[in-house]
Amino acid sequence: MAAREPRAPITRVRDDRTWRIGSDADVAWIKEGTSTGTAITAAIPPMFAAYATLDLAESWDEEEQQRHDQVLLALLSEHSAPQSWWLGYLDTGADDIVFPDAPTVVLYTGWRYVLVEAGSQQAGTWRHSDAGTFWKGALPNLMFPADRAWLVSTLWDDAWTYVGGSAALVAGLRRHPVLQTHVRVVDVGHDVKFTP
(Lines give C-alpha, C1' and ligand atoms only; values in the text may rest on other atoms or scores of the structure.)
Protein backbone atom coordinates (compact mmCIF):
# COMPACT_ATOMS: atom_id res chain seq x y z
CA MET A 1 0.00 0.00 0.00
CA ALA A 2 1.44 3.39 -1.00
CA ALA A 3 2.04 6.00 1.68
CA ARG A 4 -0.50 8.77 1.70
CA GLU A 5 0.73 12.21 0.67
CA PRO A 6 0.40 14.76 3.49
CA ARG A 7 -2.39 17.23 2.89
CA ALA A 8 -1.44 20.73 1.94
CA PRO A 9 -2.49 23.24 4.58
CA ILE A 10 -5.63 25.23 3.96
CA THR A 11 -4.79 28.90 3.48
CA ARG A 12 -6.39 32.25 2.82
CA VAL A 13 -4.94 35.54 1.58
CA ARG A 14 -5.23 38.87 3.39
CA ASP A 15 -2.96 41.92 3.49
CA ASP A 16 -1.00 40.46 0.54
CA ARG A 17 0.06 37.47 2.66
CA THR A 18 -1.02 33.86 2.86
CA TRP A 19 -2.31 32.69 6.25
CA ARG A 20 -2.76 29.09 7.40
CA ILE A 21 -6.25 28.14 8.53
CA GLY A 22 -6.32 25.93 11.60
CA SER A 23 -7.93 22.55 11.99
CA ASP A 24 -9.49 20.55 14.81
CA ALA A 25 -6.02 19.11 15.55
CA ASP A 26 -4.76 22.61 16.43
CA VAL A 27 -7.40 23.06 19.15
CA ALA A 28 -7.70 19.45 20.33
CA TRP A 29 -5.82 20.35 23.53
CA ILE A 30 -8.50 22.93 24.36
CA LYS A 31 -11.37 20.62 23.45
CA GLU A 32 -9.95 17.77 25.54
CA GLY A 33 -9.11 20.01 28.52
CA THR A 34 -12.36 21.93 28.95
CA SER A 35 -15.75 20.89 30.25
CA THR A 36 -19.16 22.46 30.55
CA GLY A 37 -19.93 24.34 33.72
CA THR A 38 -19.20 27.63 35.42
CA ALA A 39 -15.55 27.12 36.40
CA ILE A 40 -12.62 28.60 34.48
CA THR A 41 -12.25 25.16 32.87
CA ALA A 42 -15.35 25.91 30.80
CA ALA A 43 -12.97 27.91 28.58
CA ILE A 44 -9.39 27.21 29.73
CA PRO A 45 -7.82 23.76 30.29
CA PRO A 46 -6.44 23.19 33.81
CA MET A 47 -2.80 23.26 32.74
CA PHE A 48 -1.70 26.79 33.59
CA ALA A 49 -0.05 28.26 36.69
CA ALA A 50 -2.62 31.05 37.09
CA TYR A 51 -6.11 32.03 35.90
CA ALA A 52 -8.12 35.23 35.74
CA THR A 53 -11.13 36.81 34.16
CA LEU A 54 -11.25 40.29 32.64
CA ASP A 55 -14.64 41.95 32.92
CA LEU A 56 -15.91 43.57 29.74
CA ALA A 57 -17.91 46.78 30.12
CA GLU A 58 -20.89 47.47 27.89
CA SER A 59 -20.53 51.14 28.81
CA TRP A 60 -17.04 51.58 27.35
CA ASP A 61 -16.78 53.93 24.42
CA GLU A 62 -14.69 52.93 21.42
CA GLU A 63 -11.56 54.64 22.74
CA GLU A 64 -11.78 52.84 26.12
CA GLN A 65 -12.31 49.51 24.36
CA GLN A 66 -9.32 50.09 22.08
CA ARG A 67 -7.12 51.01 25.05
CA HIS A 68 -8.21 47.81 26.86
CA ASP A 69 -7.51 45.70 23.76
CA GLN A 70 -4.08 47.30 23.13
CA VAL A 71 -2.98 46.81 26.74
CA LEU A 72 -4.08 43.19 26.74
CA LEU A 73 -2.22 42.48 23.49
CA ALA A 74 0.92 44.21 24.80
CA LEU A 75 0.90 42.15 28.01
CA LEU A 76 0.31 38.91 26.11
CA SER A 77 3.20 39.78 23.78
CA GLU A 78 5.48 40.46 26.76
CA HIS A 79 4.71 36.98 28.05
CA SER A 80 5.36 35.21 24.73
CA ALA A 81 8.49 34.24 22.92
CA PRO A 82 8.58 35.57 19.33
CA GLN A 83 6.28 33.16 17.51
CA SER A 84 2.98 32.90 15.68
CA TRP A 85 -0.34 33.16 17.48
CA TRP A 86 -3.52 31.27 16.73
CA LEU A 87 -6.51 33.60 16.40
CA GLY A 88 -10.05 32.24 16.63
CA TYR A 89 -13.09 34.16 15.44
CA LEU A 90 -16.43 32.87 16.74
CA ASP A 91 -19.12 32.56 14.09
CA THR A 92 -22.14 34.08 15.84
CA GLY A 93 -23.85 34.90 12.56
CA ALA A 94 -23.35 38.63 13.20
CA ASP A 95 -19.66 39.09 14.06
CA ASP A 96 -16.83 39.53 11.58
CA ILE A 97 -15.00 36.20 11.31
CA VAL A 98 -12.31 37.71 9.03
CA PHE A 99 -12.29 34.78 6.57
CA PRO A 100 -15.99 33.98 6.01
CA ASP A 101 -15.30 31.23 3.47
CA ALA A 102 -12.74 29.37 5.62
CA PRO A 103 -13.49 26.01 7.25
CA THR A 104 -14.20 26.15 10.97
CA VAL A 105 -13.24 24.24 14.10
CA VAL A 106 -15.73 23.33 16.82
CA LEU A 107 -15.09 24.12 20.49
CA TYR A 108 -16.88 24.25 23.80
CA THR A 109 -20.60 23.51 23.39
CA GLY A 110 -20.58 23.22 19.59
CA TRP A 111 -19.48 26.75 18.70
CA ARG A 112 -17.75 27.24 15.37
CA TYR A 113 -14.56 29.29 15.04
CA VAL A 114 -12.44 30.31 12.09
CA LEU A 115 -8.92 29.62 13.37
CA VAL A 116 -5.97 31.42 11.71
CA GLU A 117 -2.24 31.22 12.37
CA ALA A 118 -1.11 34.86 12.46
CA GLY A 119 0.23 37.14 15.21
CA SER A 120 -0.38 39.93 17.69
CA GLN A 121 -0.50 42.62 15.00
CA GLN A 122 -3.28 40.83 13.15
CA ALA A 123 -5.11 40.18 16.43
CA GLY A 124 -5.32 43.92 16.95
CA THR A 125 -6.13 45.04 13.42
CA TRP A 126 -8.13 42.48 11.48
CA ARG A 127 -11.48 43.21 13.07
CA HIS A 128 -12.95 46.54 14.12
CA SER A 129 -15.15 47.10 17.16
CA ASP A 130 -17.87 48.54 14.95
CA ALA A 131 -17.89 45.51 12.63
CA GLY A 132 -20.69 43.60 14.32
CA THR A 133 -18.72 42.53 17.40
CA PHE A 134 -21.05 44.57 19.58
CA TRP A 135 -19.60 45.45 22.98
CA LYS A 136 -16.97 42.73 23.32
CA GLY A 137 -14.35 44.58 21.35
CA ALA A 138 -12.43 43.84 18.18
CA LEU A 139 -10.01 41.20 19.44
CA PRO A 140 -10.38 37.59 18.35
CA ASN A 141 -12.59 35.49 20.60
CA LEU A 142 -9.77 32.98 21.08
CA MET A 143 -6.00 33.57 21.15
CA PHE A 144 -2.98 31.49 22.06
CA PRO A 145 0.68 31.40 21.00
CA ALA A 146 2.12 28.41 19.17
CA ASP A 147 3.85 27.20 22.35
CA ARG A 148 0.56 27.40 24.33
CA ALA A 149 2.14 29.56 27.05
CA TRP A 150 -1.25 31.18 27.62
CA LEU A 151 -4.82 31.03 26.37
CA VAL A 152 -7.37 33.85 26.16
CA SER A 153 -11.00 33.08 25.38
CA THR A 154 -14.07 35.30 25.27
CA LEU A 155 -17.16 33.11 25.17
CA TRP A 156 -20.26 34.29 23.38
CA ASP A 157 -22.56 34.27 26.42
CA ASP A 158 -20.27 35.74 29.11
CA ALA A 159 -19.44 39.35 29.98
CA TRP A 160 -15.77 38.65 30.59
CA THR A 161 -12.67 37.18 28.99
CA TYR A 162 -11.05 34.05 30.45
CA VAL A 163 -7.25 33.99 30.78
CA GLY A 164 -4.91 31.13 31.66
CA GLY A 165 -1.14 31.55 31.74
CA SER A 166 1.86 32.13 33.95
CA ALA A 167 1.65 33.70 37.39
CA ALA A 168 3.68 36.61 35.96
CA LEU A 169 1.10 37.21 33.21
CA VAL A 170 -1.81 37.27 35.65
CA ALA A 171 0.16 39.54 38.01
CA GLY A 172 0.84 41.86 35.07
CA LEU A 173 -2.88 42.04 34.32
CA ARG A 174 -3.62 42.85 37.97
CA ARG A 175 -0.96 45.58 38.13
CA HIS A 176 -1.76 47.40 34.91
CA PRO A 177 -3.72 50.61 35.61
CA VAL A 178 -6.00 50.15 32.58
CA LEU A 179 -6.96 46.57 33.47
CA GLN A 180 -6.56 46.20 37.24
CA THR A 181 -10.13 47.12 38.22
CA HIS A 182 -11.47 44.58 35.70
CA VAL A 183 -9.29 41.60 36.68
CA ARG A 184 -10.50 38.80 38.94
CA VAL A 185 -7.99 36.10 39.85
CA VAL A 186 -9.73 32.72 40.00
CA ASP A 187 -8.85 29.18 40.99
CA VAL A 188 -9.54 26.21 38.76
CA GLY A 189 -12.48 24.90 40.81
CA HIS A 190 -14.24 28.16 41.67
CA ASP A 191 -17.39 29.37 39.97
CA VAL A 192 -16.26 32.30 37.81
CA LYS A 193 -19.77 33.69 37.56
CA PHE A 194 -19.84 34.39 41.29
CA THR A 195 -16.18 34.91 42.22
CA PRO A 196 -15.94 38.31 43.99
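Predicted, not measured: the structure shown is a model, and the values here were computed from it.
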With the side chain counted from C-beta on, respond yes when [X] and [Y] share a heavy-atom pair under 4.5 Å apart, and no when they do not.
X: Asn141; Y: Arg127; result: yes
X: Glu78; Y: Leu169; result: no
X: Leu173; Y: Leu72; result: yes
X: Tyr108; Y: Lys31; result: no
X: Trp19; Y: Val13; result: no
X: Arg14; Y: Val98; result: yes
X: Ile10; Y: Arg20; result: no
X: Leu151; Y: Val163; result: no

Got a second to check how far [X]'s [atom1] is from [Y]'s [atom2], nearest 0.5 Å?
X: Phe144; Y: Leu142; atom1: CZ; atom2: CG; result: 6.0 Å
X: Gln66; Y: Leu139; atom1: CD; atom2: CG; result: 10.5 Å
X: Asp15; Y: Thr125; atom1: CG; atom2: OG1; result: 6.5 Å
X: His68; Y: Leu179; atom1: NE2; atom2: CG; result: 5.5 Å
X: Leu54; Y: His176; atom1: CG; atom2: NE2; result: 12.0 Å
X: Leu90; Y: Ile97; atom1: CG; atom2: CD1; result: 9.0 Å

What closest approach, in Å, do [X] and [Y] show between heavy atoms, and which atom pair accounts for it?
X: Ser84; Y: Glu117; value: OG-OE2, 2.9 Å
X: Ser80; Y: Leu76; value: OG-O, 2.9 Å
X: Ile40; Y: Asp187; value: CG2-O, 4.1 Å
X: Val106; Y: Arg112; value: CG2-NH1, 2.5 Å
X: Leu155; Y: Ala42; value: CD1-O, 4.4 Å
X: Val170; Y: Ala50; value: CG2-CB, 3.5 Å

*How about Trp86 and Tyr113: are their ring centroids closer than 6.0 Å?*
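Here the rings of Tyr113 and Trp86 have centres that are no less than 6.0 Å from each other.
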
If only atom types and distance count, is the side chain of [X] paired as donor or acceptor with the main-chain N or O of [Y] below 3.5 Å?
X: Asp95; Y: Thr92; answer: no
X: Thr41; Y: Ile44; answer: no
X: Gln122; Y: Gly119; answer: yes

*Could you go step by step and tell me if Val105 and Asp26 meet the side-chain contact (heavy atoms from CB on, under 4.5 Å) rule?*
CA-CA 9 Å; Val105 298; Asp26 298 306; over 6 Å; no

*Determine, stepwise, if the pair Trp150 / Tyr51 fulfils ring pair (Phe, Tyr, Trp, His ring centres under 6.0 Å).*
CA-CA 10 Å; Trp150 47 260; Tyr51 302 87; over 10 Å; no

_Does the plane of the ring in Tyr89 sit parallel, tilted or perpendicular to the ring in Trp126? Use 30° and 60° as the thresholds._
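If you compare the ring of Tyr89 with that of Trp126, the planes turn out tilted.
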
_Val188-Phe48 co-clustered via ILVMFWY side chain contacts under 4.5 Å_ = yes

*Decide whether a cation-pi geometry holds between Arg184 and Trp160; the criteria are a distance under 6.0 Å from NZ or CZ to the six-membered ring centre and an angle within 45° of the ring axis.*
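So Arg184 does make the cation-pi contact.
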
*Check whether more than 12 heavy atoms from other residues, nucleotides or ligands sit under 6.0 Å from atom CZ of Arg174, and answer yes or no.*
no

